[in-house]
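See structure below.
Proteins come first, then strands; the chains are lettered A, B, ... in the order of their sequence lines, and each starts at number 1.
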Number of protein chains: 2
Amino acid sequence: MIKIAIDAMGGDFGPEPIIEGVVQALETEKFLPILVGNTEEIRSFLPPYYADKVEIVEASDVISMSDQATDALKRKESSIYKAVELVREKEASAVVSAGHSGATMTLATLRIGRLPHISKPALATLMPSVVSTKTLVLDVGAVTDCTPQNLYEFGAMGEAYAQQILGIASPKVGLLSNGSEDSKGNTLTKAAFKLLQGLKGFVGNVEGRDIFNGNVNVVVCDGFTGNILLKTSEGVVSTIFTLMRQHIRKSLPAKIGALMMKRKVFGNMKKQVDYAEYGGAPLLGINGCAIISHGSSNAKAIKNAIFQAIRYTESDVNKTIEILLSDNK
Amino acid sequence: MIKIAIDAMGGDFGPEPIIEGVVQALETEKFLPILVGNTEEIRSFLPPYYADKVEIVEASDVISMSDQATDALKRKESSIYKAVELVREKEASAVVSAGHSGATMTLATLRIGRLPHISKPALATLMPSVVSTKTLVLDVGAVTDCTPQNLYEFGAMGEAYAQQILGIASPKVGLLSNGSEDSKGNTLTKAAFKLLQGLKGFVGNVEGRDIFNGNVNVVVCDGFTGNILLKTSEGVVSTIFTLMRQHIRKSLPAKIGALMMKRKVFGNMKKQVDYAEYGGAPLLGINGCAIISHGSSNAKAIKNAIFQAIRYTESDVNKTIEILLSDNK
């Protein structure tokens, strides 16, 4: 049975939504959750029926969101440290955490270790699009200053993930740039462009809008740009709905109109852009599996992050990454 | 009377919307448009009443969107070259162009020249926000690879523009980063952060979402990131409305609801995000004024770009930039 290590303490709202997510996941999938954290607290949130369906590993410390990621290696009693160690020791095949994402990335990279040929792991996230397939964007925050080689490896990792997890036989990989022409880019992306041409799925430069129109399956960028892109997109979505509410409030027909659109339009759209539907962001390039969830994850987000971890473990993503990169050496 | 040089040929739709925009601008403001391009074509679109209210400067060549910006300096008979020369020769105080933006930026920078203390001019654009004031973002595409000094100068230019054109006495200037903490950033922005601390209005790092929430008046970034941010935002807006239409189409009550929201909600929102309402993007840091409009500008966008050029010319933006930067030397 697949064993998933879960940091029960790290999220913004403590263990409650995390345990609830684990319970929801157990209702549909067979796996063994190893909950890491304060045993007493974990037990208090766990329904009796599930008491013998989980393992608990005691951890007395929690890395909080305001702590430095650089301290993570020293905090050996923290829930995230111990959860990552379970993967390192092969006692679990994946770790899921809604805790300090910098700490989780640091620990996963240094304690679980990188795959051969990978210089830096990348955080990958799925973005909604107007077509039925979603677009994988990486890196969205693991590597702030990238080399061309990093971006090339991100391309290979994205291609592997799209093949093995998203089920796309020949994924299209684009390099995020300030224009789609081959000549566009900054010093970094121009050098990365040349390396990425060695990748089967590489289709050249793409623009911000191509994330959402289904033109490509994978978008490669450095972690600084990717993080800004992610937060800008969230900002635009929330701005549009705020402006909409401001206008609706001022007109009675508009209020009634909005009510008539509530379920079928706004409800369905909310699902399409709700991160809880996706679960979390996989850290690609490590010798195992780590799924990094939003700090404010609810039970549904945790459940979906666990499903992602299970699918990842059952898949050949890591093997495919190795093959893609060793073929091109 | 203020003279504005207008590239009549460069837009995606030829001279028609440009001449129409000039005519609309003449209906409300007193200025002398100098239309640069094919005299015969320009005359054919110009209503007889306006024939003696404009000057025409003949230009036999047009730089098209597919041409290289690097050729711009050699194409001395092109409409944009000749329009920029009018500013260089002080025969006009500003140039407005909906043509090849790279060519316009190159020519404006090299032929009109930079302000003292400015190493690279920046393209600035206003972004909508949920509060009544808009946010100025720069650079959005002039300087792909920036130095910390470039970003510092962008900050000063943004502060000057916000004061003199947006009428904000003490504008807040933020540096776009992958987190709002002082410690966040890549190598470039960490170095720029230190320089920007010398600027009165600098409030530290901001995130993508701060562009839209009114937290700051000016957001500074390199032109590669700014360009991606701009196109990603456009992509998100168009994605949301596409998804909305997809859902509306499937439900009769939603269709009726959408009709009830059409004018008061969607109509007003469209105005808030419509670039035609803004006009164009000023190229800040040159020894004059250049307003760069969308290639697909309609008459309204051209009219508003001309108004921007007039306000810019009447303002003390350039003087304020010089003062801000010489104070801090």
Report summary line: Per-residue tally against chain B (heavy atom, under 4.5 Å) across A/Thr225, A/Ile240, A/Leu188 peaks at A/Ile240
Report task. Indicate yes or no: at least one non-hydrogen side-chain atom of B/Leu195 is less than 4.5 angstrom from one of B/Leu151. Result -> no
Query raised in the report: For the atom pair CG (B/Leu138) and CG (B/Leu176), what is the distance rounded to the nearest 0.5 Å?
Result: 11.5 Å
Query raised in the report: Are the side chains of B/Thr189 and A/Phe224 in touch, meaning some heavy atoms are under 4.5 Å apart?
Result: yes
Requested in this report: State, without any angle test, whether B/Asn186 and A/Thr144 hold a side-chain donor-acceptor pair at a distance under 3.5 Å.
Outcome: no
**Report entry** For chain B, the option from A/Glu181, A/Lys231, A/Arg209 that forms the most heavy-atom pairs under 4.5 Å
**Finding:** A/Lys231
**Report entry** Part of B/Asn227 within contact of chain A (heavy atom distance under 4.5 Å)
**Finding:** side chain
Report summary line: Most heavy-atom pairs under 4.5 Å with chain A, out of B/Asp210, B/Ile248, B/Thr232, belong to B/Thr232
**Report entry** Part of B/Ser233 within contact of chain A (heavy atom distance under 4.5 Å)
**Finding:** both
Query raised in the report: Is it the case that B/Glu207 and B/Ser177 place a side-chain donor and acceptor less than 3.5 Å from each other?
Result: no
Report summary line: Under 4.5 Å to a heavy atom of chain A? For B/Thr239 that would be both
Requested in this report: Heavy atoms only, distances under 4.5 angstrom: which of A/Lys250, A/Met127, A/Met260, A/Lys255 has the most pairs with chain B? Name it, please.
Outcome: A/Met260
**Report entry** A/Thr187, part contacting chain B, at a heavy-atom distance under 4.5 Å
**Finding:** both
Requested in this report: Please state whether the side chain, the backbone, both or neither of B/Ser129 comes within less than 4.5 Å of a heavy atom of chain A.
Outcome: backbone
Query raised in the report: Around B/Lys172, counting heavy atoms of other residues, nucleotides and ligands shown, do more than 12 lie under 6.0 Å from its NZ?
Result: no
Requested in this report: Sort out for me which of A/Val237, A/Leu230, A/Leu259 touches chain B most, counting heavy-atom pairs under 4.5 Å.
Outcome: A/Val237
Query raised in the report: Of the listed residues (A/Leu243, A/Thr242, A/Leu229), which shares the most heavy-atom pairs with chain B below a 4.5 Å separation?
Result: A/Leu243
Query raised in the report: Does the salt bridge (Lys or Arg N to Asp or Glu O under 4.0 Å) test come out yes or no for B/Arg75 and B/Asp67, once each step is laid out?
Result: CA-CA 11 Å; B/Arg75 305 272 291 269; B/Asp67 291 335; 3.3 Å; yes
Query raised in the report: Side chains of A/Asn205 and A/Ser180: is there a donor and an acceptor less than 3.5 Å apart?
Result: no
